[in-house]
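Working notes for the structure below.
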Amino acid sequence: MSGTSLAQSASWAACAAAVPLVIVLSLWVTFGDIDRDFVYAAVTLLLLAVLVAGGEWIARAEQPPLIGGLAVSFALAGAGVATVVLLHMAFGSGLTTVLLGAAAVVPALATRWRDYPVLGWLSVGSVVAVLARIAFDPTIVGAEFLSRTPVFNWLLAGYGVPALGFGFAAWQLARTTNGRPRLAMEAGAALFALLCVAMLVRHAMHGGVIDDGRVSLAEQSIYTLIALGAGAILISIDMRSPSSVLRYGSLIVGVVSALAIVGQHFVILNPLFTDESTGRIPVFNLLFLAYLLPAAAAGAVAYYARGKRPKWYSAMLALIGALLAFAYATLSVRRFFKGEFIGLWSGMEQIETYSYSALWLLLGVVLLVIGVRFGSYVLRVASAALIAIAVLKVFLFDMSELEGVLRALSFIGLGAVLIGIGLFYQRLLSRAPRQG
């Protein structure tokens, strides 16, 4: 078939798909029921069947047959648009979102029997349609109809089913076409899985109203743990089924998690600055959730990512974990002296001031031991920095602020720690492997 004939057939196929769709849409908007109209849905279903059959008929007439050229692509793309319109006509907002996500599976499955290039992109079109739908209404069914029941509500189906559908489509495309559509579907599946968990957390923590109030430190802490866990999951999946989406996705999630921790945990939502209640329970309180658990998670992901991701990635997460542990220990001391509310403007007593010096020296030693044990140069540098800060505090602050016994204890403790660190380096650090 000549180039002119191919262009003509593609033009006719595009017109055959677009003109009926425009007519049906115009009639529906003008005369039909915008919320739900089964009559126009039946007409659209008929049009959908005609477009699919027409695409197959064109494909069989191609030379060679069944290559899925431009004319076939236009016909099947029209069928994809008809599917989106049909779902909006026949179903309410909740089922429309769910079924749009599930619809991604159909063209992906079709690649088992036909290798038309357009099929994978039709699955990608489903991702775009669902994203547009939730951008218009993230509550899936409207805020007034969203149940307040935690977890088992429309959010679970509206975000969870598309995540599963996109994941299955990616899995299927990886075994047939394995092109760019597969990467887009993997990205869509990962995105909607994260959105599903995040929206359910938001819903549960705000009494069923997802747009109610600002994000609290407790809520942000859960998001941080989710993001760190998602990064580890993406790394694990990528090691089993290598994919550039999973590889770069895990890096992006890790960087975003680190930025969120620095911005939210350390600055914006820090109870030292907000004077937010840290809870009345001594150990399992807000500080435990917001600092110690994320510190453990960041450290675990950093260790797991070694050798699987660039060195800077593991180093970044290890440093973030160390900073979170430092913040937890420091704020816990503050809470011990001040109680539930630890706002910075409530002042500081001499014994509290001394406690920070002792704590930071101890943490420096602990980081040094861990850094040597796991061969982490980053943790050893963090240890040296923390000890240096503690030394400066002793000489520049404790010397003028502390009196009597506390001043003497501060200098004695500093000397003992520095001597111990010197001996430790002499015996162990020289034998430790220098790993990043």
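Below, all heavy atoms of this structure are taken into account, side chains as well, without hydrogens, waters or symmetry copies.
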Within 45° cone and under 6.0 Å: Lys308 NZ/CZ vs Tyr304 ring: yes
Under 3.5 Å donor-acceptor, Ser126 side chain and Ala103 backbone: no
Ser250 (side chain) donor-acceptor with Arg247 (main chain) under 3.5 angstrom: yes
Closest heavy-atom pair and its distance - Asp33, Asp37: N-OD2, 2.8 Å
Check: His203 side chain, Ser147 main-chain N or O, donor-acceptor pair, under 3.5 Å: yes
Heavy-atom pair with the smallest gap, counting every atom of Leu155 and Leu200: CB-CD2, 3.9 Å
Side-chain heavy-atom pair Phe192, Ile134 within 4.5 angstrom cut-off: yes
Candidate pair Val98 and Trp154, rule side chain to side chain contact (heavy atoms under 4.5 Å, CB included), full reasoning: CA-CA 9 Å; Val98 172; Trp154 272 105; 4.1 Å; yes
Sidechain-backbone polar pair: Ser383 side chain, Gly364 backbone, donor-acceptor under 3.5 Å: yes
Minimum-distance pair of heavy atoms, taken over all atoms of Ala71 and Ala13: O-CB, 3.4 Å
Other residues, nucleotides, ligands: >12 heavy atoms within 6.0 Å of Trp312 CH2: yes
Within 6.0 angstrom of Phe273 CZ, more than 12 heavy atoms from elsewhere: yes
Separation between CG of Leu191 and CZ of Phe166, rounded to the nearest 0.5 Å: 9.0 Å
Thr96 side chain vs Gly92 backbone, donor-acceptor pair below 3.5 Å: yes
Stepwise side chain to side chain contact (heavy atoms under 4.5 Å, CB included) check, Leu131 with Val127: CA-CA 6 Å; Leu131 280 173; Val127 177; 4.1 Å; yes
side-chain hydrogen bond (donor to acceptor under 3.5 Å, both in side chains) contacts touching residues 186-201 (sequence neighbours left out): Arg182-Glu186, Glu186-Ser243
Ring centroid separation Phe74 to Trp12 under 6.0 Å: no
Main-chain N/O of Gly343 paired with Ser346 side-chain donor or acceptor, under 3.5 Å: yes
Between NE2 on residue His88 and CG on residue Leu99, distance to nearest 0.5 Å: 10.5 Å
Phe341: ring-ring contact (aromatic ring centres under 6.0 Å, His included) partners, not counting sequence neighbours: none
Heavy-atom closest pair, residues Leu228 and Pro294: CD1-O, 3.9 Å
Exam field: side chain Glu62 to backbone Gly69, donor-acceptor pair closer than 3.5 Å: yes
Backbone N/O of Trp171 and side chain of Arg175: donor-acceptor pair under 3.5 Å: yes
Arg335 side chain to Thr278 side chain, donor-acceptor N/O pair below 3.5 angstrom: yes
Pairwise distance CG(Asn270) to CG(Leu344) - rounded to 0.5 angstrom: 9.0 Å
Residue pair Tyr159, Ile140: steps toward the side chain to side chain contact (heavy atoms under 4.5 Å, CB included) verdict: CA-CA 9 Å; Tyr159 290 88; Ile140 308 299; 3.7 Å; yes
Which atom of Ser314 lies closest to which atom of Arg306, heavy atoms considered: OG-N, 3.5 Å
Member of Tyr291, Tyr356, Trp360 meeting the ring-ring contact (aromatic ring centres under 6.0 Å, His included) criterion with Phe326: Trp360
Exceeds 12 heavy-atom contacts within 6.0 angstrom, atom CD1 of Ile281: no
Pairwise side-chain contact, Pro271 with Leu287, heavy-atom cut-off 4.5 Å (strictly under): yes
Side-chain H-bond candidate by donor/acceptor type, Thr44 with Trp28, under 3.5 Å: no
Donor-acceptor contact below 3.5 Å, side chain Arg133 vs main chain Thr97: no
Tyr313 vs Lys311 side-chain heavy atoms within contact, under 4.5 Å: no
Side-chain touch Thr224/Gln220, heavy atoms, less than 4.5 angstrom: yes
Sidechain-backbone polar pair: Asp238 side chain, Leu234 backbone, donor-acceptor under 3.5 Å: no
Donor-acceptor pair between Thr176 and Arg112 side chains, under 3.5 angstrom: no
Full working for side chain to side chain contact (heavy atoms under 4.5 Å, CB included) between Leu379 and Leu319: CA-CA 7 Å; Leu379 292 182; Leu319 179 59; over 6 Å; no
Minimum heavy-atom distance between Val283 and Phe288, given as atom pair plus value: O-CB, 3.3 Å
From NE2 (His265) to OG (Ser221), nearest 0.5 Å: 4.5 Å
Straight-line distance of Thr83 OG1 to Leu122 CG, nearest 0.5 Å: 8.5 Å
Reported CD1-to-OH distance for the pair Ile34 and Tyr40, which is rounded to 0.5 angstrom: 10.5 Å
